[in-house]
Amino acid sequence: MTSLLADTKPLSVLLLENDAADADLCLLELRRAGFNLRTDFAADIEEFHLKLKVGGYDVILADYNLGRSTGLEAFDYLKEKDLKIPLILVTGALGDEAAVECMKRGISDYVLKQHLARLPVAVQHALEEEALRAERARAEKTLRENERRFRALMENSADGIVLLNDHGKVLFASHAGKRILGYSAGESVGKNVFKLLHPAHRESATARFSELVKTPGLTMCMQLECRAKDGSSRWVECVALNLLQDAAVEGIVVNYRDITDRKKAEVEISRLNESLERRVEERTAQLEAANRELQFEIAERRRAANILRESQERFRILVDGVKDYAIYMLDPTGRVVSWNAGAERIQGYRAEEIVGRHCSCLYAEEEVRAGHPKSDLRVAASAGRQEIECWKARKDGRRFWANIVITALRDPSGKLTGFSKVTRDITERVCAQRALEQLRSQQELILNSAGDGICGLDASACCTFMNPAGARMLGWQPEALSGKPLHQVWRHTKPDGSPCPEEECKILAALKSGALRHEGSAIVWRKDGSSFPVEFVVTPIHSEAGHTSGAVVVFHDATERLALERMKDDFISVTSHELRTPLTAIRGALGLLASGKLCLSPGGCQPMIEAGLSNADRLVRLVNDILDLGRIESGHVKLEKTFCSSADLMRRAADSMAAAAEAQGISLSVAPSSAALFVDSHRIMQVLTNLIDNALKFSPRSSVVRLTAATRGAEVVFRVEDGGRGIPADKLGIIFEKFQQVDASDSRERGGTGLGLAICRSIVTQHGGRIWAESAMGQGSVFSFSLPLGDTTPDCHSEASRNASENPDH
């Protein structure tokens, strides 16, 4: 296939990138690879929509992370608008799960920014795939139009046409058969034609049919008497051609016409002739009348001959009109005697240039020297048919991969009358097969090189594939796992060591439900009996009909992660305990001093005592927040879920913060929305009060803090809106991390610990929800979080873990 790099037309590229330096690096790599570029840029998704209205782009390069949106939104917009433009993600990092999701959704490719040298290859591959798709669509359209014309020709033919197998059974019948014998096409298919013949003709017709079947390409003409559907006798004239060896037909093609009237006329002529011979002298007048009838019959015969010639001409026109196949005839010596339009398109020669020349002119010089033209005809003559696949050259020298079928043609006596030659250009099919094989090889290398274990399952939960890394983890050889049921290979227990029954297996549940599943803590047993902790993600594979046909399980050894988490928990526990003890003593001493009972001159030392007391309180809050966050993230805090009302939670949170709002001169507005929730009400109250407290801290006096909620689909979205200074755009993605604040002085001036939003995020994700912030400098901020409605299954540990990994994108 011709490389698109050789095309002198500029390649029109649209870059969806909010970093100009990254965009310049992408263009540098493409120009270095030899692309002639015409570029355009969009910094965000809104500008991207405007650019697409202008149109004319050959390929789109989109960053995966665009701040408030992603490159996948750009791809979804292309699909919505039915724009057939290849889109390649160019991103700084992309996990295996995200990569699989991108490829499943139809993204052309993705390239990591640290490996931009692969970008030209990805662009070249995407352009070639789009060109191949467009060419395939055009070819399919042409084929459908040719089939429609052929069927119309067959259905409107005056003659009946049937296709028989080698036993005389009807495989296909044209609609003209109903007019001739009274049987519709549907009634004819499956019938044995010999049962329709008059008993006097069956034996001879069967013998001639057997002779016809034995000789490929043989043509026979017969006149037979048949029984019509209504019981009447009808004479038909048949022309049968043996095409059993032709892969495109594989049957006996029979053209037949009704000659009943002609037969009757012949019988009548015979009777009249006999009568004239006996009474020639006395019945001259009758002889003249019979002669006139004879002349009329001759005219009928001539008309029938003309009809036959017209039918043959129609067949010739049909062959000449086929443009996807080169169809031409050779005489017994190999000279070209006919040349259709398809041959002109594929071979490049016009009919006047090739007819009369020997077929060797269509072979390369080295093939002629090797004697291929003569040997091909010799094999076809001896075997009846010769099929070849090889490279061929057109008149202009361009090469194509050809499928050639040469069929020997013989008359009823078996004498060779010539050859038919059918040539197809199958270059695209061969190139597509090779590209597919190369893609499969690349995918296999990727899977075999992955550090995580990757296992493929069929719909019955049996292993179809296991990469080397996964097999090593489980202690098996990869080839020994093929076809084994899941529970013979993946023997896992719950984190507490108890057996995991089949009905609770997350992998089997994903196969049944067709939904992605994530497991953060499971114990898997190796073949040798040892065990290790794993994290795994189950991604179901859906067929085009929407059924789950299997799944892919990606897993890795979580031993090191769990060890680090235990070390972190131990550190938090020890640190919190060691800090709490002296802080409690310091707080008590400062409180006693603040009372003035131990100080003779309280006015002099009182400011220092109050500062020390405030800082001690701040340290106590920090230690409590650290300990609380550590317990939540480690799973030591179990959610005590109950059914409750969202409106009730909002009112209670507002009531608890009313005094603080009044003290700061801020109005607290609540617009409750009643929805049933299945949550830990104390933890959700903690989230609401934390968010309201933050809003009060950063809002000016006489402003309004609004708490609202609304139901959206299967979830409830809570919003806390303030009128404060706002949050810079570069801080929105990190403010939910530990100790991350917009201004480092906030913790001193406003009493924050830098852990409140991190605690809120942990609580929300444990409930299967998500939390995010929206803000503009000088216009205030809106903190939102969502929770599933009350009909959600309470056991959502795996879903919460999955949402926790996705939540930072907000």
If only atom types and distance count, is the side chain of [X] paired as donor or acceptor with the main-chain N or O of [Y] below 3.5 Å?
X    : Y    : value
T206 : R202 : yes
R335 : G356 : yes
H358 : T333 : yes
R424 : A402 : no
N242 : L212 : yes
S188 : S184 : yes
W339 : I327 : no
H167 : K169 : no
S270 : V267 : no

Would K392 and Q347 count as a side-chain hydrogen bond (donor to acceptor under 3.5 Å, both in side chains) if you check the C-alpha gap in whole Å, the side-chain angles of each, and the deciding distance to 0.1 Å?
CA-CA 9 Å; K392 286 292 182 183; Q347 303 278 179; over 6 Å; no
For [X] versus [Y], what's the shortest heavy-atom pair and its separation?
X    : Y    : answer
G182 : K229 : O-CD, 3.3 Å
S233 : R227 : CB-NH1, 3.8 Å
V189 : A173 : CG2-N, 4.4 Å
D58  : P10  : OD2-O, 3.8 Å
M220 : L218 : CE-CD2, 3.8 Å
L241 : G217 : CD1-O, 3.6 Å

Nearest 0.5 Å, please: how far is [atom2] in [Y] from [atom1] in [X]?
X    : Y    : atom1 : atom2 : answer
E297 : D261 : CD    : CG    : 9.5 Å
E344 : E353 : CD    : CD    : 8.0 Å
I161 : N255 : CD1   : CG    : 5.0 Å
I541 : T548 : CD1   : OG1   : 9.5 Å
K421 : I406 : NZ    : CD1   : 4.5 Å
Y256 : R234 : OH    : CZ    : 12.0 Å

Below 4.0 angstrom, N of the basic side chain to O of the carboxylate: do [X] and [Y] qualify?
X    : Y    : answer
K374 : D376 : no
R179 : D258 : no
R138 : E135 : yes
E203 : R208 : no
K178 : E187 : no

If you define the side chain from C-beta out and look only at heavy atoms, does anything of [X] sit under 4.5 Å from [Y]?
X    : Y    : value
P332 : T417 : no
L224 : H201 : yes
D331 : F419 : no
L163 : I252 : no
L330 : L377 : yes
Y328 : T423 : yes
R292 : Q295 : no
L409 : S420 : yes

More than 12 foreign heavy atoms under 6.0 Å from [atom1] of [X]: is that the case here?
X    : atom1 : result
K263 : NZ    : yes
E352 : CD    : yes
K395 : NZ    : yes

side-chain contact (heavy atoms from CB on, under 4.5 Å) assessment of W401 paired with R429:
CA-CA 9 Å; W401 189 262; R429 188 188 72 186; over 6 Å; no
With V405, which residues qualify under side chain to side chain contact (heavy atoms under 4.5 Å, CB included), at least two apart?
R385, E387, N403, T407
Given the rule in the side-chain contact (heavy atoms from CB on, under 4.5 Å) test, do F209 and V193 qualify, once you have shown the distances and angles that lead to the verdict?
CA-CA 11 Å; F209 185 85; V193 294; 5.8 Å; no
Before you tell me yes or no, could you show the steps for T464 and L457 under side-chain contact (heavy atoms from CB on, under 4.5 Å), namely the whole-Å CA-CA distance, both residues' side-chain angles and the distance that decides it to 0.1 Å?
CA-CA 5 Å; T464 59; L457 301 176; 5.7 Å; no
Quick one: do D425 and R345 satisfy salt bridge (Lys or Arg N to Asp or Glu O under 4.0 Å)? Show the steps, please.
CA-CA 10 Å; D425 182 353; R345 187 185 68 83; 5.9 Å; no
Ring centroid separation H198 to W235 under 6.0 Å
no
Can you run down the salt bridge (Lys or Arg N to Asp or Glu O under 4.0 Å) pairs that involve residues 396-405, sequence neighbours left out, and say none if there aren't any?
D396-R398
Would C361 and I354 satisfy side-chain contact (heavy atoms from CB on, under 4.5 Å), going step by step from the backbone distance to the final call?
CA-CA 9 Å; C361 67; I354 201 71; 3.3 Å; yes
Under the side-chain hydrogen bond (donor to acceptor under 3.5 Å, both in side chains) rule, what do N340 and Y325 come out as? Steps first, then yes or no, please.
CA-CA 9 Å; N340 78 330; Y325 294 81; over 6 Å; no
